[in-house]
Amino acid sequence: MTTIEDVHRSDVRRGTPSAAVVEARNLGRDYKFGEESIHALKGVTFDVGEKDYVAVVGPSGCGKSTLLNLLGVVDSPSQGTVRIRGHDVGSMRDREATSFRLHNIGFVFQRFYLMPTLSALENIELPMAEAGKKKGERVARGRELLAYVGLGHRERHRPSQLSGGEQQRVAIARALANNPAILLADEPTGELDAKTGGEVISLFERLNGDGTTIIVVTHDEVLARAAHRRIHMRDGSIVDE
Amino acid sequence: MPLLAALLLIQHPLQRTIAIDERLAEDAHIRIGDRVVVSGAPNATMGDTVIVSAIVKRGADPAEIARSEYRVRMHLDQLQSLAGYGDRVDRFAVATRGPAATEKALAEINASAFGFEAHRSRDIAVETSKTFQVVSRFHKAIGFITIVASAIFLLCIMLLKVEERRRDIAALRLMGISRYTVVLSVVAEAALLALVGSALGIALSYIASTFINWYYQGVYRTPLYFSLITPPILTLAVVLSLVLGIGAGLLASLRLARTPPISLFGR
């Protein structure tokens with residue numbers, strides 16, 4: 001069986017070496033609606049270390065997704081800083097942020113978002129192609145990852161030919177394609193039944209056990225319990241950890 | 001001499017011949033060699049018995065498309081006799097040996113008597129085809145309006161189709177796929193669709209054209225082609241399709257690529 005040691009190649013990520021993969025300091029995010037300003041995130045400070053497995057939990061509207069957006073470098077904080085592997089990602093412009101996400105962050109979504117016209121293998125190749133990797137390297141890496149998530153026999157299947165759980169496993173493999181520093185997952189079991197959700201949770205545990213840093217935002221109690229750390233949020237702040 | 005002439009008439013009886021058009025031959029079941037009676041008035045009891053020596057195929061002349069009369073070609077003297085016109089014609093054609101001869105013939109005919117009018121066949125063709133020029137302009141106007149309407153429709157469809165993918169595109173952007181790649185992939189897909197659409201359109205137009213020609217050639221009994229698909233038309237169609245497809249794809253994808261991914265996700 002393929003292990004994550006095979007999958008996680010030598011760390012080629014750029015940036016200053018740091019003990020913490022993620023450093024969030026006094027993070028805040030405000031949204032303006034006309035005259036009104038909504039504080040979606042207020043003074044959030046935490047670190048995520050190498051090989052950490054963190055679950056961010058809390059009621060709807062507590063700021064979980066806002067935090068995930070900031071950690072995923074798709075949004076900029078109104079105040080405070082986010083550093084990922086030593087890079088201040090809060091002030092990155094679009095092109096720089098896009099490149100940073102490509103090489104350093106793996107996203108897993110609730111609804112998989114696999115390209116329907118591409119096979120499982122081609123979907124995994126997509127971020128690698130964007131990163132400029134050669135076809136042979138992409139295929140070899142894609143096959144390794146598919147084998148790791150237990151879908152080595154399904155590489156030619158299109159998303160419509162895969163079950164929900166299989167699609168999510170392909171999406172996880174795709175997120176790992178460019179050896180990201182962290183894997184960010186937004187409700188990864190939200191679209192799955194208990195059994196297939198359990199398979200995804202087991203896969204996350206195995207990934208983390210093999211060295212992947214994971215931050216997951218979820219309402220799923222089972223998934224949250226599987227994490228090593230739980231950050232509880234309410235009204236835009238961390239209330240318990 | 002009168003005796004000789006009488007003998008010649010006995011030995012070579014005058015066999016007058018006519019040519020009829022294929023429409024008359026078909027409707028009246030007449031074949032070459034058949035004897036028919038021709039007269040100057042309908043339902044006449046008397047007339048000349050003639051032999052059908054030729055069946056003439058109609059030319060592909062748009063000016064004659066709506067004319068449903070039958071045509072018979074006969075010797076001039078017999079026609080004059082039957083029509084009671086005597087030594088008189090309304091129109092006749094003269095073949096010439098070149099532009100100089102044409103000019104000379106025109107001048108001589110026009111000067112020969114009051115009321116004579118000679119025209120070049122080219123001038124007559126231009127004069128009689130004015131109606132078709134108007135029809136042609138009308139067709140071009142319809143074509144232009146169709147293309148403009150199609151372009152607007154295509155752009156709307158493209159915007160809607162790309163809009164349907166906003167979350168997929170958002171996911172791609174979150175994964176680190178650049179705006180350039182997103183735009184390029186949408187435009188490439190639009191171009192491919194335009195090419196496939198062009199190929200299907202060409203196939204469909206060939207089928208439609210074949211049917212239209214078959215149907216109207218039958219209705220009007222003419223070899224005229226009512227629908228023509230020429231290489232310039234095909235080239236124009238493919239180029240227009242590509243330009244419109246790529247343009248619509250570009251506009252639609254640029255619109256989405258410029259939107260921040262979290263807005264596309266609706267977060």
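Convention: sequence-line order gives letters A, B, ...; per-chain numbering from 1. None of the values given here were measured: they were computed from a predicted structure. The figures that follow rest on heavy atoms only: side chains count, while hydrogens, waters and symmetry mates do not.
Inspection of non-hydrogen atoms places B/M175, B/G176, B/I177, B/S178, B/R179, B/T181 of residues 175-195 of chain B under 4.5 Å from chain A. Listed in order of number, the residues of residues 197-209 of chain B that approach chain A to under 4.5 Å between heavy atoms amount to none.
Residue contact with chain B, scored on non-hydrogen atoms closer than 4.5 Å, is absent for A/R95. Using a 4.5 Å cut-off between heavy atoms, A/L126 contacts chain B through both its backbone and its side chain.
Heavy-atom contacts from other residues, nucleotides or ligands closer than 6.0 Å to OH of B/Y216 number 12 or fewer. Remark: B/Y215 OH is loosely packed, at most 12 non-hydrogen atoms of other residues, nucleotides or ligands lying under 6.0 Å away. A/E36 CD: 12 or fewer foreign heavy atoms inside a 6.0 Å radius. Within 6.0 Å of CZ in A/F46 there are more than 12 heavy atoms belonging to other residues, nucleotides or ligands. The environment of OH in B/Y70 is crowded: more than 12 heavy-atom neighbours from other residues, nucleotides or ligands sit within 6.0 Å. No more than 12 heavy atoms of other residues, nucleotides or ligands sit less than 6.0 Å from atom CZ of B/R165. Atom NZ of A/K133 sits in a crowded spot, with more than 12 heavy atoms from other residues, nucleotides or ligands closer than 6.0 Å. With a 6.0 Å radius and a threshold of 12 heavy atoms from other residues, nucleotides or ligands, A/D235 has its CG atom at or below the threshold.
In this structure a side-chain-to-backbone donor-acceptor pair under 3.5 Å is present from A/R101 to B/R173.
Rounding to the nearest 0.5 Å gives a distance of 9.0 Å between CG of B/L172 and CD of A/E130.
Considering every non-hydrogen atom in both B/L174 and A/F109, the closest pair reads CD1-CE2, 3.3 Å.
Chain B forms more heavy-atom pairs under 4.5 Å with one residue of A/T98, A/L114, A/T117 than with any other, namely A/T98.
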